[in-house]
Amino acid sequence: MPIDRISTAELSGVTEPANLNLPPLPDTLRSRLAECRSLPSLPAAAARVIAIARSTDPRLADYARTIEQDPALTLRLLSMANSAFYSRGGNSVSSSLDAVSRIGLDATLSIALSFGLPRLGAGHGLDHEYLCQRAIIAASAAQELAQHLCPHDAPQLFTTALLQDIGILAFEALDGEAYATSIPDLHQHGKLSEAEHTRYGCDHALVGAWLAASWGVPDPIAAGIIDSHGPLADGDARKLCLRLSCRIADCWLATDSAAAFSALLRQLASLASLDIVMVMSVMQELQHRLPSLARLFEITCPPAIDSTHLLAEAKELLFEQNLRMTIRLAEQQRELEALHASHVALDEQHRTDHLTQLANRPWLEKRLQQHFDCARQARQPLSVMFIDLDHFKRINDRFGHRFGDEVLIHFAAALSNMVRESDIAGRYGGEEFLVIMPNTRREQAGLLADRIREYLASQPLAQANGEPLHVTASIGIADLEDGAFADAAALVDAADQAMYGVKHGGRDGVAHYEGPDSAV
């Protein structure tokens, strides 16, 4: 049955799901919610999408047919599928089926559930624009954090974080302006929960979980809404991503965001499972993603953060905590390589470069040969990108190798976040990096190269004597279609040759290999 509004009968008939141990609502509050006719609701098409998600055998075609019944939902789905996060310069999609195929079922469910977010002008004194911005920042932060800590859960955590404050709208539906005037500032989320406990006997996290369950969302999402408001702790990656994501959103929207982030970073330094470099790369990626997400979800774009201040604060923490250990490991690795240069086979057992956490050269060469052979047999495109950071020896000579290591770590983190899941990025040696891009032609590879240069131009990789240090890169690209390459090594040599052309031309640029057999 299409669900245009959660009715009294529907809420009062909600029973605790068999696989979800939700704490009970206070009796008085449950009765009031059951009688409330203005609780947040979903359009009929969105409710049907959720019903399909809970079925035993959800199919792409079922999602597509349901979504096509609602023009607004269809438009938002197509916008997501054609955004930079999913298209990567590919062809635009124009049908719901193609859109669902591109972004996946979890992202499709997120789009449907986003219709439960508050609309501007619909409240009774609450700052709905702030709530929308907080939801989008938290959802994106949870997804980015999960890519590092629990990649399999990333799409579902985006949805959970997106809905974590939906219970605030339920309280607002119950008491209107009286709720808004009885609680502290929405920016003080901890005090908000305390005030709700005093007034209702529980906070909006529990009410939001029950409301989400009444919509029929998958059980892990409803359970996650409750988990999103607990303390930061090691041991459970899903909970950590959710709880940290809302704190990142609070800091982002704080009046003094730089001071708020500084306090948060120092709190995170005590968590063994979090790397400050990773957290900084997440916030830098958010800075890049939020304008597009704001347009997609039709909200005012959240303000930019003071990245220069944050990088300086993170640098101090890195030298105090994480960077010290990382550099020590890197120095040990260099000593081992000098002592055991003849034992290359042993090193090939380790796929990760200890300093940058990207793929190391032996693993890169092994995977490239595999992709090279498959691409030639299947007649599929394959591109490689050779990146060399400009004037890197000058940086080491002037500031020292530890400073140079910091630059490499920050660049590697940024590169890792810019490539697709199907790409393989690695450290080829020294300040040289290689990116293997299956099913990618030279034009698409060029888009990634341009994005790398734009990032380097806008974001410093370190702080030198209190001043931001910008680094440029020379980038060479070779496509399998550019010539009759005998093997994978020849393809890398071609990209390397294109990169050296940039070096000789003044550095800070992109060049494509132009061999005798290159396509015109």
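Numbers here are sequence positions counted from 1.
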Visitor: Does R243 have any salt bridge (charged side-chain N to carboxylate O under 4.0 Å, His left out) partners at least two apart in sequence or in another chain, and if so, which?
Guide: none

Visitor: What closest approach, in Å, do A449 and I475 show between heavy atoms, and which atom pair accounts for it?
Guide: O-CD1, 3.9 Å

Visitor: Among L448, L382, I424, exactly one meets side-chain contact (heavy atoms from CB on, under 4.5 Å) together with M437. Which residue is that?
Guide: L448

Visitor: Return each pair, listed once, that meets ring pair (Phe, Tyr, Trp, His ring centres under 6.0 Å) where at least one residue sits in residues 219-244; pairs must be two or more places apart or across chains.
Guide: H189-H229, H204-H229

Visitor: For K366, enumerate each residue passing the salt bridge (charged side-chain N to carboxylate O under 4.0 Å, His left out) test, keeping only those at least two apart in sequence or located in another chain.
Guide: none

Visitor: Is it true that E365 and R361 have a side-chain N and a carboxylate O under 4.0 angstrom from each other?
Guide: yes

Visitor: Could you name each residue pair satisfying salt bridge (charged side-chain N to carboxylate O under 4.0 Å, His left out) that touches residues 149-163, not counting sequence neighbours?
Guide: D153-R238

Visitor: Tell me, yes or no, whether the heavy-atom count around R507 atom CZ, taken from other residues, nucleotides or ligands under 6.0 Å, exceeds 12.
Guide: yes

Visitor: Can you tell me how far apart CZ (R394) and CG (N396) are? Round to the nearest 0.5 Å.
Guide: 12.5 Å

Visitor: Would you mind reporting whether L264 and I248 have side-chain heavy atoms less than 4.5 Å apart?
Guide: yes

Visitor: Would a 4.5 Å heavy-atom cut-off, applied to side chains only, mark I168 and L192 as touching?
Guide: yes

Visitor: Determine whether I452 and M385 make a side-chain contact, defined as any pair of heavy atoms from C-beta on separated by less than 4.5 Å.
Guide: yes

Visitor: Quick one: list whatever passes salt bridge (charged side-chain N to carboxylate O under 4.0 Å, His left out) with D479, sequence neighbours left out.
Guide: none

Visitor: Check whether any side-chain heavy atom of T356 sits under 4.5 Å from a side-chain heavy atom of L415, and report yes or no.
Guide: no

Visitor: I'd like to check the side chain to side chain contact (heavy atoms under 4.5 Å, CB included) partners of V93; sequence neighbours left out, ordered by chain and number.
Guide: L78, A81, N82, D98, A99, R102

Visitor: In Å and rounded to the nearest 0.5 Å, what is the CG to CD1 distance from L358 to I409?
Guide: 10.5 Å

Visitor: I need the full list of salt bridge (charged side-chain N to carboxylate O under 4.0 Å, His left out) pairs touching residues 455-473, with sequence neighbours left out, sorted by first then second residue.
Guide: none

Visitor: Run the side-chain donor-acceptor check on residues 367-374: report pairs under 3.5 Å with partners two or more places apart or on a different chain.
Guide:
residue: R367; atom: NE; partner: Q370; partner atom: OE1; Å: 3.0
residue: R367; atom: NH2; partner: H371; partner atom: NE2; Å: 3.3
residue: Q369; atom: NE2; partner: D373; partner atom: OD1; Å: 3.0

Visitor: Please tell me if the side chains of I136 and L162 come closer than 4.5 Å, counting only heavy atoms from C-beta onward.
Guide: yes

Visitor: Just distance, no hydrogens or angles: give the donor-acceptor pairs under 3.5 Å from side chains in residues 276-283, sequence neighbours left out.
Guide:
residue: S281; atom: OG; partner: M278; partner atom: O; Å: 2.7

Visitor: State, to 0.1 Å, how close R441 and P381 come at their nearest heavy-atom pair, and which atoms those are.
Guide: CG-CB, 3.6 Å

Visitor: Could you give the distance from CG (L469) to CG (L461), rounded to the nearest 0.5 Å?
Guide: 7.0 Å

Visitor: Report the distance from atom CG of L163 to atom CG of L211, rounding to the nearest 0.5 Å.
Guide: 9.0 Å

Visitor: Please report, to 0.1 Å, the donor-acceptor pairs under 3.5 Å made by any side chain of residues 139-152, with sequence neighbours excluded.
Guide:
residue: Q143; atom: OE1; partner: R289; partner atom: NH1; Å: 3.3
residue: Q143; atom: OE1; partner: R289; partner atom: NH2; Å: 3.2
residue: E144; atom: OE2; partner: R289; partner atom: NH1; Å: 2.7

Visitor: If you define the side chain from C-beta out and look only at heavy atoms, does anything of V502 sit under 4.5 Å from V510?
Guide: no

Visitor: Closest approach of Q156 and P220, non-hydrogen atoms and distance?
Guide: OE1-CB, 3.3 Å

Visitor: At their closest point, which heavy atom of A473 faces which heavy atom of I387, and how far apart are they?
Guide: CB-CG2, 4.0 Å

Visitor: Can you tell me how far the CZ atom of R453 sits from the CG atom of L456, to the nearest 0.5 Å?
Guide: 9.0 Å

Visitor: Can you name the nearest heavy-atom pair linking L491 to A478, along with the distance?
Guide: O-CB, 3.6 Å

Visitor: What heavy-atom pair brings A495 and V384 nearest, and what distance separates the two atoms?
Guide: CB-CG2, 3.8 Å

Visitor: Does any part of the side chain of F392, heavy atoms only, come nearer than 4.5 Å to the side chain of V471, both counted from C-beta?
Guide: no

Visitor: With heavy-atom distances below 4.5 Å as the criterion, would you say the side chains of L408 and R427 are in contact?
Guide: yes

Visitor: Does D496 have any salt bridge (charged side-chain N to carboxylate O under 4.0 Å, His left out) partners at least two apart in sequence or in another chain, and if so, which?
Guide: none

Visitor: Using side-chain hydrogen bond (donor to acceptor under 3.5 Å, both in side chains), reason through S474 and D390 one step at a time and then give a plain yes or no.
Guide: CA-CA 7 Å; S474 299; D390 297 328; 2.7 Å; yes

Visitor: Among residues two or more places apart or on two chains, list those pairs meeting ring pair (Phe, Tyr, Trp, His ring centres under 6.0 Å) that have a residue in residues 420-478.
Guide: F386-Y428, F411-F433

